[in-house]
Asker: 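Sending over a structure as structure tokens; questions will come in a sec.
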Amino acid sequence: MARYSISHVQKRFKEIYDLDVKKIWEYKGCRYHCTLYDVYDSEKNLILHCVTLKALAEHLISKGEY
């Protein structure tokens, strides 16, 4: 299984698409399942909700931008 760096994914989404990737913080929310992220545009509008790091990285890889 490939390992992806959240800091690298955040940086690439900001540079390429001007989107912010932020971790969803919930009380004990990530105890039994994977960490999830929300994606916001420059005006703080929610674009994507509850996306995994793997899905974000795979999007960049499929576009040749990872």
Side-chain angles (χ1 to χ4, degrees):
M1 178 174 161
R3 303 291 295 176
Y4 308 108
S5 164
I6 184 58
S7 61
H8 183 72
V9 170
Q10 286 173 324
K11 179 181 168 189
R12 298 300 291 161
F13 267 85
K14 188 67 174 173
E15 289 174 351
I16 298 167
Y17 304 112
D18 195 27
L19 297 174
D20 292 319
V21 178
K22 301 206 185 247
K23 183 177 180 179
I24 298 174
W25 291 95
E26 297 177 3
Y27 177 70
K28 295 185 182 179
C30 299
R31 181 177 279 188
Y32 300 110
H33 57 82
C34 63
T35 304
L36 299 173
Y37 300 88
D38 285 341
V39 179
Y40 297 91
D41 66 6
S42 59
E43 297 175 356
K44 305 299 181 208
N45 297 318
L46 183 64
I47 304 298
L48 294 172
H49 178 63
C50 292
V51 183
T52 63
L53 177 60
K54 182 179 178 185
L56 294 171
E58 285 177 351
H59 171 76
L60 291 174
I61 291 168
S62 71
K63 301 286 185 182
E65 298 167 342
Y66 189 78

Asker: State the CG-CG distance between D20 and D38, to the nearest 0.5 angstrom.
Answerer: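 That separation rounds to 11.5 Å.
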
Asker: Heavy atoms, side chains only, cut-off 4.5 Å: are V51 and L36 in contact?
Answerer: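 No, their side chains stay 4.5 Å or more apart.
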
Asker: Considering only heavy atoms from C-beta outward, does the side chain of L53 approach that of T35 to under 4.5 Å?
Answerer: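 Not in contact.
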
Asker: First locate atom NZ of K11, then atom CD1 of I16, and finally report the distance between them rounded to the nearest 0.5 Å.
Answerer: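 These two atoms lie 10.5 Å from each other.
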
Asker: Do F13 and L60 come within less than 4.5 Å of each other through their side chains, counting heavy atoms only?
Answerer: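 F13 vs L60: side chains touch.
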
Asker: OH/Y17 to NZ/K63 distance, rounded to the nearest 0.5 angstrom?
Answerer: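 Taking OH in Y17 and NZ in K63, the distance rounds to 6.0 Å.
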
Asker: With a 4.5 Å cut-off on side-chain heavy atoms, are L56 and V39 touching?
Answerer: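 Sidechains of L56 and V39: in contact.
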
Asker: Would you check if V9 and Y37 make a side-chain contact, meaning some heavy-atom pair closer than 4.5 Å?
Answerer: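 Heavy-atom side-chain distance check fails, nothing below 4.5 Å.
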
Asker: Anything under 30° is parallel, anything over 60° is perpendicular, the rest tilted; go ahead and classify Y66 against H8.
Answerer: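 Rings of Y66 and H8: perpendicular, over 60°.
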
Asker: Are there more than 12 heavy atoms of other residues, nucleotides or ligands under 6.0 Å from atom NZ of K14?
Answerer: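 Atom NZ in K14 is crowded, with more than 12 foreign heavy atoms closer than 6.0 Å.
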
Asker: Quick check for you: to the nearest 0.5 Å, what is the distance between K54 atom NZ and I61 atom CD1?
Answerer: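 The distance works out to 10.0 Å.
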
Asker: Once you round to the nearest 0.5 Å, how far does NE2 of H59 lie from CZ of R12?
Answerer: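 So the NE2 of H59 and the CZ of R12 are separated by 11.0 Å.
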
Asker: Kindly say whether Y40 contributes a backbone atom to a donor-acceptor pair with the side chain of N45 at under 3.5 angstrom?
Answerer: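 Such a contact is absent between N45 side chain and Y40 backbone.
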
